[in-house]
Protein chains: 2
Amino acid sequence: MVRVLVVDDERGLARALLRGLTAEGFAVDVAHDGEAGLDLATDNDYDAIVLDVMLPRRNGYDVVTALRERDVWTPVLMLSAKDGEHDVADGLDVGADDYLTKPFSFVVLVARLRALLRRPAQARPAVLRVGEIVLDPSTRTVTRAGVEVEMTTRELALLEYLMRHADRVVGKVELRDHVWDSSGEDLNVVEVYVGYLRRKLGRDAVRTVRGAGYRVVG
Amino acid sequence: MVRVLVVDDERGLARALLRGLTAEGFAVDVAHDGEAGLDLATDNDYDAIVLDVMLPRRNGYDVVTALRERDVWTPVLMLSAKDGEHDVADGLDVGADDYLTKPFSFVVLVARLRALLRRPAQARPAVLRVGEIVLDPSTRTVTRAGVEVEMTTRELALLEYLMRHADRVVGKVELRDHVWDSSGEDLNVVEVYVGYLRRKLGRDAVRTVRGAGYRVVG
DNA sequence: GGCACCTCTCAGCGTGCTCTCAGCCACCCG
DNA sequence: CGGGTGGCTGAGAGCACGCTGAGAGGTGCC
C-alpha cells in the first residue's frame, strides 16, 4: 500500500485529491495547513507528499526545509498557483523533488507522482561537497579535510548558498537577497561574512571575482 | 493463522471488524474496554492489535504504555475519532506502530494491518546509546559510563527524543512539540530542562547550536 | 498537615552573534 | 606612476539568545 500525504488548504481541491488518489489505490492522508502537514510527515512514513506552496501557518518551502532538517527524505511534489520561474527554482532549491503549476490535470499529477515513487530513494544524502569542504545541512556540520569546523547560523547559510552554486560566480546582491532577508543598500555584510568564512576555512576557500561576486572551487 | 485482537467499545464497529477481518482470514478476538484488552494482549500472543483510543476503564495510550512496560511488543494500530495532529504524535510516541482516524475505510484498515504484519518484528527497543550515555526505554534507566543516573519523567522524555535524533540538530520548537504537549510560545522550559540534563550528565552531554537548537553527539 | 519532589515561570545576567563603520589595501585604469 | 574604485578587515556597539537561580504551584506520601 502506497501512502501519500496531501497538504492543501483549499478544501475542495484537497477533497478531490483525496477521492481521486484513493480511487487510484493510494492510502491518502490530508492536512489543511503547513504545521499539521509537517507533523504528520515527520511522524509517519509516507511514500510521497503532495504539498501546496501557499498554506496557512507555514508555507510549503518552510515545510520542506523543516522536513529535510529533520532528516525526512520523503519525495515531495510541490503545487503552486504562481508560475514565475523563481518559484520553481526556489522549490527545487529547497529540496522538493518535482513541481506542478495550478491548474493542473489530475492525470498529470498521478503520472508525476508515480514517477516520484519509482525513483530509488535518491534525495537522501544531501551533503554538499566542494573540494575538501563538506557541508551536511541535516546535522549543520561543516568539515574541512575531515576536521569539523564550527559555524554560526549566518556563516552556514552563506556557505551553503555558495556551495549549492559552486560552479558559477555568485553576485553579492544575490547573496544579500537569499542569505539575508533584507534587501538593503549596503553589501558590506556579505564581504564581512565572506571574510569570516575564509578565516575558518582557509583564505582560498572562497575566491573573489572582482566586479562580479564570489565563487567556491574544489 | 494470523491472530488479531480488536479493542473497541462501540459494539457495532467491533462486530463489523470482527466479521470483516474474519472474512479476510484473520483469527479475531474482541475486547470492549481497555482493561480487558490489556489482559488479553498480555496473556496471548497476538500478531497485531487494533486499538481504539477512547475506551472505558483505560484509554488506548495507557494500554500501549502498559503493554510495552510488560515487554509485549505486538504491533499496534491505533484508532481515533479525533484528528488533531497531537493525537497522532502522542500515539506514536507512546509506542503505537500506526494510526488511523475514524471514520476510515475498511480496505485501508486491512491494508495498514497487513503492512504492520509484514514488518520484521521491529519495535523491540534496542537500547539507545550515544557516546557513553545509554538509555533503556523499557526499564527507563539511564547510565553514564556505566553509572546509573536518576531521571525524572520529563528529563527522560527529553533525553530520549534527543538521543533518537542523535547527531542532528534538534530545534527547540520541535522539542517543545514532541516532549511537551503544549505548543505555547515560551521555549524557556526546554532550556531549563536541557540545563537539568547537563547537570546530571555533564556539561558537554548536550551541545548548544546557537539559533538552531541542541545536539547530542557520540 | 508537613515534607519531598517534580514541573514550570520569571527575571536578570553574560556572551556570542550580527552588523556597521572607517580606514586601509589591491587591483585596474589612464 | 598616481588616482580611483572595489574589496578587505579590525574594532566595537547593540542585542538577541541562551543559561541559571529562585521560587511558586501541584501532587503524592508519610
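Below, read A as the first sequence line, B as the second, and so on, with proteins coming before strands; counting in each chain starts at 1. Every heavy atom of this structure was used, including side-chain atoms; hydrogens, water molecules and symmetry mates were not.
- The interatomic distance linking A:Tyr193 (OH) with C:dC19 (P) rounds to 5 Å, in whole Å.
- Under the rule for a side-chain hydrogen bond (donor to acceptor under 3.5 Å, both in side chains), the partners of B:Glu191 that lie at least two apart in sequence or sit in another chain are B:Lys172, B:Asn188.
- A donor-acceptor contact under 3.5 angstrom links the side-chain atoms of A:Tyr196 to the base of C:dC19.
- Atom pair A:Glu191:CD and C:dG23:P shows a separation of 17 Å (rounding to whole Å applied).
- Nucleic acid contact class of A:Tyr214 (heavy atoms, under 4.0 Å, all strands): sugar-phosphate only.
- With sequence neighbours left out, the ring-ring contact (aromatic ring centres under 6.0 Å, His included) criterion links B:His165 to B:Tyr161.
- Under the rule for a side-chain hydrogen bond (donor to acceptor under 3.5 Å, both in side chains), B:Thr143 has no partner lying at least two apart in sequence or in another chain.
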Could you run down the sub-3.5 Å N/O contacts of the protein with nucleotides 10-14 of chain C?
residue : atom : partner  : partner atom : Å
C:dC10  : N4   : B:Asn188 : OD1          : 2.9

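- Comparing A:Gly195 and B:Val194, the nucleotide of DNA chain D nearest to each residue sits closer to the 5' end for A:Gly195.
- For residues 198-208 of chain B, proximity to DNA chain D is found at B:Arg198, B:Arg199, B:Arg203, B:Thr208, defined as any non-hydrogen atom under 4.0 angstrom from a strand atom.
- When all heavy atoms of B:Ala157 and B:Val179 are compared, the pair lying nearest together is CB-CG1, 3.8 Å.
- Every salt bridge (Lys or Arg N to Asp or Glu O under 4.0 Å) that B:Glu174 has, sequence neighbours left out, goes to A:Arg70, B:Arg168.
- In this structure, B:Trp180 reaches the C:dC8 phosphate: one of its side-chain N or O atoms is under 4.0 Å from OP1 or OP2.
- Taking B:Asp29 as the reference, B:Tyr46 meet the side-chain hydrogen bond (donor to acceptor under 3.5 Å, both in side chains) condition, with sequence neighbours excluded.
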Distance-only criterion, 3.5 Å: show the donor-acceptor pairs between side-chain atoms of residues 207-218 of chain B and protein atoms not counting sequence neighbours.
residue  : atom : partner  : partner atom : Å
B:Arg207 : NH2  : A:Glu150 : OE2          : 3.3
B:Thr208 : OG1  : B:Arg198 : NH1          : 3.4
B:Thr208 : OG1  : B:Arg198 : NH2          : 3.1
B:Arg215 : NE   : B:Asp167 : O            : 3.2

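- Shown here are the salt bridge (Lys or Arg N to Asp or Glu O under 4.0 Å) partners of A:Arg11, two or more places apart in sequence or in another chain: there are none.
- Remark: A:Thr153 engages A:Arg140 in a side chain to side chain contact (heavy atoms under 4.5 Å, CB included) (not counting sequence neighbours).
- Residue B:Thr152 has a polar side-chain atom (N or O) positioned under 4.0 Å from OP1 or OP2 of C:dT7.
- Under a 3.5 Å cut-off, the side chain of B:Arg176 and the backbone N or O of B:Leu187 do not form any donor-acceptor pair.
- First and last contacts of DNA chain D with chain B, using any nucleotide atom under 4.0 Å from a protein heavy atom and ordered 5' to 3', fall at D:dC17 to D:dG21.
- Under the salt bridge (Lys or Arg N to Asp or Glu O under 4.0 Å) criterion, B:Arg15 pairs with no residue, sequence neighbours left out.
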